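Everything numeric in this text was worked out from a predicted model, so none of it was measured. Start at 1 and go down the list; that is how both ligands and their atoms are numbered.
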Amino acid sequence: MYDVIVVGTRVAGSPLAMLLARQGHRVLAVDRASFPSDTPSTHYIHQAGLGFLKSWGLLDSVVDTGCPPIRHLNFTYTDIEIPGMADPSADGIDAVYCPRRTVLDKILVDAAGESGAEVIEGFTVTGLLREGDRVAGIRGRIGEGPEQEFRAKLVVGADGANSIVAKEVGAATYEGSPAACFIYYSYYEGVDWGMHHRTGFGEQQFASWPTNDGLALVAVMRKRDRFRDFRTDPDAGVQEIVDQIDPEIGARLRDTGKRVEPFRPMLYPDNYRRQSFGPGWALVGDAGYHKDPFTGWGITDAFKYGQLLADLVHESLTGARPFEETLPEYQRERDAQSASTYELTQSISELTLTPYYDSVFRAASRSEHYSKKFFGLIAGLYPPDKFFGEAELTALYEEVNFPVVDRHVVNTGVSA
Ligand SMILES: Cc1cc2nc3c(=O)[nH]c(=O)nc-3n(C[C@H](O)[C@H](O)[C@H](O)COP(=O)(O)OP(=O)(O)OC[C@H]3O[C@@H](n4cnc5c(N)ncnc54)[C@H](O)[C@@H]3O)c2cc1C
């Protein structure tokens, strides 16, 4: 009998398993993948996310893989340019790192195992065990091997957007909205141009950053209705988007860039929150809350709310408070703390800014210290309620002599 079984051992599951095992709890973590293993995801980690890796003693392992630090960000939205970087975080993190998921996830799985969690790789969960209305464990198998069962006081689904745990318990979604875009990304040699996150005119985006092995990730996004056309010649499509967004970078891509891995195409899954707890079960990471990857918050949020869940589950496992109290608190806190990130992500990942966001970003781009705050916001270091708060925005608009735009004004110019 385990205290906790965690299904899925990537950026949500492994930290949870690690943190609970470090507290002395008996943890089993299983994943159908064997690590190192890639997954369809780019890998930008905000300073706030790196702060968790640091506090867990794992940031040095990431840095030691040779993943280059990034200390200057080029953010563009149509003709609004905001270059810069957030001030270092409270724990001194002055750079962003974007490690390949093959690298990052392996570090996390190993850390879970080294902390005392039992880890079974290559194990596919096929169903849940029940006692009355309570989830009591998992069943599954390694490859074609015999079916095995494991029991626990709590089963946590950290098994991504298509979570089997969520399906089995019938977890309902709420606050959902359809995904806007598709992505194509791959890895390139010969493009040493730093970090770019550029949304151009024509509802298209180009993002790039250095990662492990001297390679740069290059990603492009467009609205989903243009997916079919794009698929006929993705190399030409990538070149066209980069040329249209920044001709200088486009020329460098054409002249010196060489794609060295296959493209990863993907239609984004929808934005949603899922009911994330019930008798004997909980959900963490994308299994419980997913948003468009445009703002690169999936990994950081998986760390943040993995830590939150670990702290609360620890309280229940030590008898301080029952699961009936701690698990609802987990979901309530997660939803409250992620509300502004969720709203911002859904608003700006449409690849067209509302008049409100256009005016805030445009004004911020004209103020040096507000640009820094903008990157603090993006990095998870500057509170959104302060950044978008009336006092700060009024001061900003005054400083750059800009007309205030109400956040409820929509693109037609009519108040919502
Ligand atoms: C194209 C794209 C780009 C992205 N870019 C970024 C970015 O730059 N920065 C960022 O922070 N976020 C990004 N994200 C989001 C990020 O990838 C996710 O938020 C994050 O991977 C979620 O982690 P997770 O651990 O919850 O789930 P996952 O990473 O999906 O892992 C789930 C695990 O569960 C396992 N599993 C599933 N079912 C079973 C089963 N039945 N039995 C056993 N194991 C099972 C899977 O094998 C998998 O290993 C991106 C996402 C996409 C799609």
Side-chain angles (χ1 to χ4, degrees), residues 5-17 28-50 52 96-102 104-106 108-109 112 119-128 138-142 155-168 179 181-186 195 197 205 207-209 211 217 219-221 263-271 274 276 283-306 309 338 341 345 349 378-380:
I5 293 174
V6 183
V7 182
T9 62
R10 291 189 187 271
V11 292
S14 280
L16 176 69
L28 172 67
V30 302
D31 200 301
R32 66 183 169 209
S34 296
F35 296 84
S37 155
D38 209 355
T39 189
S41 167
T42 65
H43 29 76
Y44 186 94
I45 311 181
H46 292 286
Q47 280 151 280
L50 297 168
F52 285 101
V96 161
Y97 293 88
C98 303
R100 292 285 294 259
R101 291 294 297 265
T102 41
L104 174 68
D105 295 8
K106 171 78 176 146
L108 296 171
V109 177
V119 178
I120 310 180
E121 298 181 24
F123 184 97
T124 302
V125 174
T126 52
L128 300 179
I138 58 168
R139 72 166 62 87
R141 52 168 56 91
I142 299 178
V155 172
V156 181
D159 46 350
N162 297 317
S163 167
I164 185 167
V165 177
K167 257 183 224 126
E168 288 274 316
C181 295
F182 71 84
I183 185 171
Y184 263 76
Y185 72 91
S186 187
M195 189 280 179
H197 192 278
Q205 205 235 357
S208 183
W209 50 72
T211 184
L217 169 126
V220 294
M221 269 157 260
F263 277 119
R264 278 82 161 174
M266 188 178 189
L267 290 166
Y268 284 151
D270 292 341
N271 303 290
R274 272 197 191 116
S276 293
L283 302 175
V284 70
D286 278 7
Y289 158 50
H290 174 267
K291 67 233 151 277
D292 193 295
F294 184 87
T295 46
W297 266 89
I299 298 169
T300 297
D301 273 353
F303 291 169
K304 183 174 179 180
Y305 302 114
L309 183 58
S338 61
T341 304
T345 301
S349 60
I378 298 283

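- Note: no N/O pair closer than 3.5 Å links Ala161 and ligand 1 by distance alone.
- Around atom 23 (O) of ligand 1, the closest heavy atom drawn from Ile164, Thr9, Val11 belongs to Val11.
- Nearest protein neighbour of atom 41 (N) of ligand 1, counting heavy atoms only, is Val125 O, 3.1 Å.
- Under 4.0 Å from ligand 1, the heavy atoms of His43 that appear belong solely to its backbone.
- Looking at atom 27 (O) of ligand 1, its nearest protein heavy atom turns out to be Gly160 CA, 3.6 Å.
- If you check each of Cys181, Ala287, Ser41, Ala302 against atom 16 (C) of ligand 1, the one with the closest non-hydrogen atom is Ser41.
- Here the protein heavy atom with the shortest distance to atom 51 (C) of ligand 1 is Pro293 CG, 3.5 Å.
- Under 4.0 Å from ligand 1, the heavy atoms of Ala158 that appear belong solely to its backbone.
- Taking CE of Met221 as the start and SG of Cys181 as the end, the distance is 7.0 Å to the nearest 0.5 Å.
- Contact annotation: for Pro40 versus ligand 1, heavy atoms closer than 4.0 Å belong to the backbone alone.
- For atom 26 (O) of ligand 1, the closest non-hydrogen atom on the protein side is Asp286 N, 2.9 Å.
- Atoms of ligand 1 lying under 4.0 Å from any heavy atom of Ile183, numbered from 1 in the order shown and given with element: 1 (C).
- In this structure, the protein non-hydrogen atom closest to atom 25 (O) of ligand 1 is Ala12 N, 3.0 Å.
- Atom numbering of ligand 1 starts at 1 in the shown order; those under 4.0 Å from a heavy atom of Thr124 are 42 (N).
- Contacts between Trp297 and ligand 1, counted as non-hydrogen atom pairs separated by less than 4.0 Å, involve the backbone only.
- The residue from His290, Arg10, Arg264 that puts a heavy atom closest to atom 48 (C) of ligand 1 is Arg10.
- With respect to atom 8 (O) of ligand 1, the closest heavy atom belonging to the protein is Thr42 OG1, 2.8 Å.
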Q: Evaluate side-chain hydrogen bond (donor to acceptor under 3.5 Å, both in side chains) for Arg10 paired with Ser37, printing each intermediate quantity in order.
A: CA-CA 9 Å; Arg10 291 189 187 271; Ser37 155; 2.5 Å; yes
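- Taken to the nearest 0.5 Å, the CZ atom of Phe303 stands 5.0 Å off from the CG atom of Leu108.
- With a heavy-atom cut-off of 4.0 Å, Arg32 touches ligand 1 through backbone and side chain alike.
- Near Phe123, the atoms of ligand 1 lying under 4.0 angstrom from a non-hydrogen atom of the residue are 42 (N), 43 (C).
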